[in-house]
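Encoded as structure tokens, the structure appears first; notes follow it.
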Amino acid sequence: MTTALLVIDVQNDFCPGGLLAVNEGNAVVPVINRMQDDFPLVVATQDWHPANHSSFAANHDDAEPFSTIDMTYGPQVLWPIHCVQGSEGAAFHPDLALDRVSLIVRKGTDPALDSYSAFFENDRETVTGLAGYLRDKGVTSLTLAGLATDFCVGWSALDARRLGFEVTLATTACRAIDLDGSLDAAMANMVESGVVITS
Ligand code: VGL
Ligand code: ZN
């Protein structure tokens, strides 16, 4: 059995001072740096949107950030502009250790489709290719860390379970956005799907 650490979206825009700052988002960095030593394989994701991305409230008429709209693929939260391709906000936190990261998956690049999960875009159908990579490497078990617990980390955890991986969520290595009870809902869904929660 091979286990991998999946580091989700530890980017400047999700840290204090960023455009979609997660409370204490930067606190995950030293924890994740230490954890990497315990895994033979480390993979990271980067939220990586074009400026015209449809998940940005600014790209819709009369839409407020954090409101929800119906897209063809289902409900979509409209976010403040964040993680625009090539911007400083889209860069990894400067203190995040990257030397041992063997693959960086960039997601959310299609203007018409958001991608919270590291495995599938928000239509729950279009793949990123990460599952194939992990399977080719013999990975059967994953530990997830990063930002944000209730969106990209949570959706990745649920998809990983759906794909048959054993999944552990390291809560001290995650922080949440917590929009209208989204953290409680995400934790309940993860527990129900068989994600092991540790600190
Ligand atoms: C995320 C909202 C929008 C995340 C990304 O990384 O959790 N959340 N884009
Ligand atoms: Zn995003």
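Ligands are counted one by one from 1 in listed order, and the atoms in each one are counted from 1 as well.
- Of the polar atoms of Asp114, none of the N or O atoms is found under 3.5 Å from an N or O of ligand 1, judged by distance alone.
- Of the N and O atoms on the side chains of Asp9 and Gln46, not one donor lies less than 3.5 Å from an acceptor on the other residue.
- Distance check for Asp47 against the Zn ion (ligand 2): an N/O/S atom falls below 2.8 Å.
- Of the candidates Arg175, His53, His82, Gln46, His82 brings a heavy atom nearest to atom 3 (C) of ligand 1.
- Within the listing of ligand 1, atoms 2 (C), 3 (C) sit less than 4.0 angstrom from a heavy atom of Trp79.
- For atom 5 (C) of ligand 1, the nearest non-hydrogen atom of the protein is Asp47 OD2, 3.1 Å.
- Arg162 forms no cation-pi arrangement with Phe119, by the criterion of a distance under 6.0 Å to the ring centre and an angle within 45° of the ring axis.
- Evaluated for a side chain to side chain contact (heavy atoms under 4.5 Å, CB included) with Trp79, the options Asp13, Ile177, Asp47, Leu19 yield exactly one hit, Ile177.
- Ligand 1 places these atoms under 4.0 Å from at least one heavy atom of Asp9: 4 (C), 6 (O).
- Near Cys152, the atoms of ligand 1 lying under 4.0 angstrom from a non-hydrogen atom of the residue are 1 (C), 4 (C), 5 (C), 6 (O), 7 (O).
- Polar contact with ligand 1: absent for Val153 (N/O pair, distance under 3.5 Å).
- Nearest N/O/S atom of His49 relative to the Zn ion (ligand 2): this is NE2.
- Side-chain contact between Leu134 and Leu142 is present, with at least one heavy-atom pair separated by less than 4.5 Å.
- Listed by atom number, the atoms of ligand 1 under 4.0 Å from Ala148 heavy atoms are 4 (C), 6 (O), 7 (O).
- For Arg124 and Asp159, the salt-bridge test passes: some basic side-chain N is under 4.0 Å from an acidic carboxylate O.
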Can Val139 and Thr3 be said to form a side-chain contact (heavy atoms from CB on, under 4.5 Å), step by step? CA-CA 5 Å; Val139 172; Thr3 181; 6.0 Å; no

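- Considering only heavy atoms from C-beta on, Val10 comes within 4.5 Å of Val29 through its side chain.
- Within the 6.0 Å centre-distance limit, the rings of Phe14 and His82 are counted as a close aromatic pair.
- Taking 2.8 Å as the threshold, His82 counts as a candidate ligand of the Zn ion (ligand 2), since one of its N, O or S atoms lies below it.
- When heavy-atom distances to ligand 1 are checked against a 4.0 Å cut-off, Leu147 comes that close only through its backbone atoms N, CA, C and O.
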